[in-house]
Number of protein chains: 2
Amino acid sequence: MTVPHLTTALTGPLLELESRILIAQPHIEHWFRSQWHNHAAPFYGSVDLRNSGFKLAPVDMNLYPGGHNNLNPDFLPLAVQAAQSAVDRVCPKAKSILLIPENHTRNTFYLQNVAALVHIFEQAGLKVRLGTLNPEITEPTALTAANGAVVTVEPLLRRGNRVVLADGFSPCIVLLNNDLSAGLPDVLAGIEQNLMPPLHAGWAVRRKTNHFAAYDQVANDFAQLISIDPWLINPYFSAAGGLDFHTRQGEDALAEHVAKMLDKIRIKYREYGITHDPYVIVKADAGTYGMGVMSVKSPEEVVGLNRKARNKMSVVKEGLEVSEVIVQEGVHTFESINDAVAEPVVYMMDRYVVGGFYRVHTGRGVDENLNAPGMHFVPLSFETACLPDHKVGPDAPPNRFYAYGVVARLALLAASRELEATDPDAE
Amino acid sequence: MTVPHLTTALTGPLLELESRILIAQPHIEHWFRSQWHNHAAPFYGSVDLRNSGFKLAPVDMNLYPGGHNNLNPDFLPLAVQAAQSAVDRVCPKAKSILLIPENHTRNTFYLQNVAALVHIFEQAGLKVRLGTLNPEITEPTALTAANGAVVTVEPLLRRGNRVVLADGFSPCIVLLNNDLSAGLPDVLAGIEQNLMPPLHAGWAVRRKTNHFAAYDQVANDFAQLISIDPWLINPYFSAAGGLDFHTRQGEDALAEHVAKMLDKIRIKYREYGITHDPYVIVKADAGTYGMGVMSVKSPEEVVGLNRKARNKMSVVKEGLEVSEVIVQEGVHTFESINDAVAEPVVYMMDRYVVGGFYRVHTGRGVDENLNAPGMHFVPLSFETACLPDHKVGPDAPPNRFYAYGVVARLALLAASRELEATDPDAE
C-alpha cells in the first residue's frame, strides 16, 4: 500500500514526538500495563486521530466502533486473540455473546461491520447472535451486507433480570454496537448480565467534554513520562452550554469560547513557529456521526447563523436536541494520498491495538459507490501491525503506526477513566 | 506455501476427528478458558505433533522452546500480544526481562532463536538482556547467529536472593530458555524473582512420564467433551525404570513393556482397520534433543543391544545417565512434502497459539547447510494462524492447523497440571 504523506513542511515537532515515543517504548508499555491494572480497559473502541505534522492527537473516541470490515484481514488473528482476552476478563465462563447492532438495517456498509464482528467472535470460539432494539424487527430477519455477507437480527426480549432472544438465548455478555443515541432502552435497564459498554457510555448520557477532561489528565501524565509538551498530543477544548440554536440563545457566549480558544492556539502556534491558520471545531457534546459539527476560524462565524446552519447544528442522530457543545481546537489534517485527505482510525479490543485504517476522503470526482449512505470515504487499511521497528527512522510507516497506536491507547485509557468518573453506581 | 499431504490412504478417523473439533469449536474454546482459570498456563512452550492420518497426537512437550526464528514473521504481532499477556500475568510491573539461553554458544542456529525471542519481548515493550549459566563466559560477549543477528550474553551473578547481571540488572521476570539438563544451578536456587518455567520443569528433575500421565487426564476430559475415543489424540505410554544399559540390567523388563504396548496398539489397529505395523518409541524419561531414543517393532529389539546402541541409549544431553525410560506408542508420520517427512511443531505463549512450522526431514540429498549442528531439517512455517475456517472442509489447511493448535494446547494444559503435580513447594 502507498502510505499517505504529510503535505506540510513543518514536521519537526512530529518527528521529535515520534522519536521520543520510539525511544521510550519500554517505559510506555510498562506505563500502560500499570494503567490497565488500575483502570479496566473498555471492551473495544476506535479512535479518530489527526496528524498535522506538528501535532498528533485524538479528536474522537468511539466506544461502539463500526468499520471492523475495513481492517486488514491479515491481522484478524490479533483481533481474535484480543477478543478472547476481552471475553475472559468480562465473563470467563461465556460460551456465547449477544451483540446488539445499530437499528439502521438498510445501511449495508454498516452491516459489513456487524458481519466482521460476528466473524471475530466466532473465530474466538463464541456463538454470536444479534439482538436488535429496532421495534420494526419482530421476528428473526436475515439482512444482506454490501459485500454479500448475511447476518440475522432477532428481536430483544426481557425475561426477569435478563435480556434474551425468543428461544431463551441469554449469554453472560451483552455487547453493544449501538451507541444508544435514542436513549437508554428499557429492555437493557438493570440487567444482571454484563453489558459492555455500560449504559452510561451511550450517547444519550455520554458527553465528549467528560472524555476530553479525562484525556487531559492522561495526556499530562503521559507527557510527563516521555518529557514532551502535552499540547503535542492534546487538542484544547472547552464546554459551552445553555445553547438553543433555533432561538440563537447562547450564541455570544459560544463566540467568546471560540475567541478564547483561538487565542490559546495562536500562542502555541507562535511558540512552535506554525504559520497555518488556527481553527476550532464546534460539536454537539452528546452525539456522533459527523452531524452537529462546525469548523470555524473566527468567533463571528458562530454568531448570526443562517437557518440552514442552525438546523444542521441543532440536532444530531436520532433527533437529539443540541444544547451543549464542545469547542475543540482544530487539528489540521495534513496527511494525504493522491491529493485526497487521509485520516487515521485506530481500532482496539481489550487493551490491544488490533488494526486501523485511513479514511481517504476523495472529495469531488468521488466514485459512485462512495456516495452510498455510511460510506463517504475509501478505507485504506494499515499495512503493518502497530509495532515499532527500531531499525528504521521514527517516521517510517511501522513507527508512525506505533505512535498512532500509542496515542489511540491514551484515548482508550481516557475513556476508561471517563467511564469510572461518570459511573452512576460508583461509590 | 505447499502444505504437506497425507501419504496414507487411511484418513477417515482423522477427518472425523477434525470435523468434531471444528463443530465443537465454541465448546472447546469455552473449555480451555475455564481450564486456564484453574491451571496457570506455562509462560511458553512448543509441542511436537504426529499426524498419522488416523491419529493426531503430541509426542513431546517442550517448556524451553527453541526455533522461534522458524515462525512465520507475518504472525509476529500474535506472539508480541501473547508475550504482553504472559508478562502481565507473571509480573505486571515488569519493565525488563532476564532471559537465560542454552550454554551452547557456538550453535548459530540456536542463537537465531534467542535473537527471535529477544525481538518478541522488545516489541512487547520490554528491555531484554541475556544472562548465561555458561562458566566460560566471564564478561559480556557478543555472539553472531547464523542469520547475522548479534546477541550479547553476560555472566549471571547472585546478589542476596536475586540473580543479577554485573551492573545490577535484576528484573522481576527471569525466563529460562535453558532446559537445565545439567542440573539445577545454584545461582538460581531460591531466588525471589519469578523464574519461568520453575526449576522443577528442568530436565534435571522433569520426567516425560509425569507429563504424559497428566496428558492422559487432559485427553480423557477433552475426549469426553467432544465425544471421541481418547486414543485418537493420545499415544499409549508406560514407564520402565531400574535400567542400566551398560550392564544390560533391566533389559527383560523393558522387553516386557514393549511387548505389552505392542499388544495394546494391535488391538486398537484392529478396531480401526489399520494395517500399518505398530511400533514403540523408547526414550529417556528425562532429557531431550533426540538423544537416547530408539524406535522398535518387537520386544527382541531391546534385548542384547550392541555396544553402539547401548552407548546411544545410555546418555542424553549434558551426559545424564539414563536409568528410566518412557515406552511410548509410536505414531506414524504420514505427512510429507516433496517425498520428505514433515512433522508439525506448534508454538504457544501464555495460553495462545502463536504459530508453528513443519520440520521437513530431507534425508539424503540434504543441502549442505542442513548438516550444520542443530539444523537437521528445513523449517516450513504455517501459512495461516491456527484459526478455523468454517466455510471450507475439516481437512483444509486452516482447519487442520486449528486442530493442531487444539491438540497442542491440550499438551500445554497437561504441562500445567504436570507442573502443579510435581511442584516441590505444593501443599
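Just so you know, these numbers use all the heavy atoms, side chains as well, and skip hydrogens, waters and symmetry mates. Reminder, nothing fancy here: chain letters follow the sequence lines and each chain counts from 1.
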Residue from B/Lys93, B/His37, B/Lys127 scoring the most non-hydrogen pairs under 4.5 Å with chain A is B/His37
NE2 (A/His30) and NZ (B/Lys95) are apart, to the nearest 0.5 Å, by 5.0 Å
Practice problem: Look at the side chain of A/Gln123 and the backbone N and O of B/Leu387, then say whether any donor-acceptor pair between them is shorter than 3.5 Å. | Solution: no
message: Using only atom types and a distance under 3.5 Å, with no angle test, would you say the side chain of B/Arg33 pairs donor to acceptor with the backbone of A/Asp88?
response: no
Answer key: most heavy-atom pairs under 4.5 Å with chain A among B/Arg351, B/His390, B/His119 is B/Arg351
Note: vs chain B, highest number of non-hydrogen pairs under 4.5 angstrom among A/Val87, A/Leu78, A/Leu126 is A/Leu78
Cut-off 4.5 Å, heavy atoms of chain A, and the answer for B/Ser85 is both
Turns out that what part of A/Ala124 lies under 4.5 Å from chain B's heavy atoms comes down to backbone
Output for pair (A/Glu29 CD, B/Glu122 CD), nearest 0.5 Å, gives 12.5 Å
One should read off an interatomic distance between B/Trp36 CH2 and A/Gln84 CD, to the nearest 0.5 angstrom, of 12.0 Å
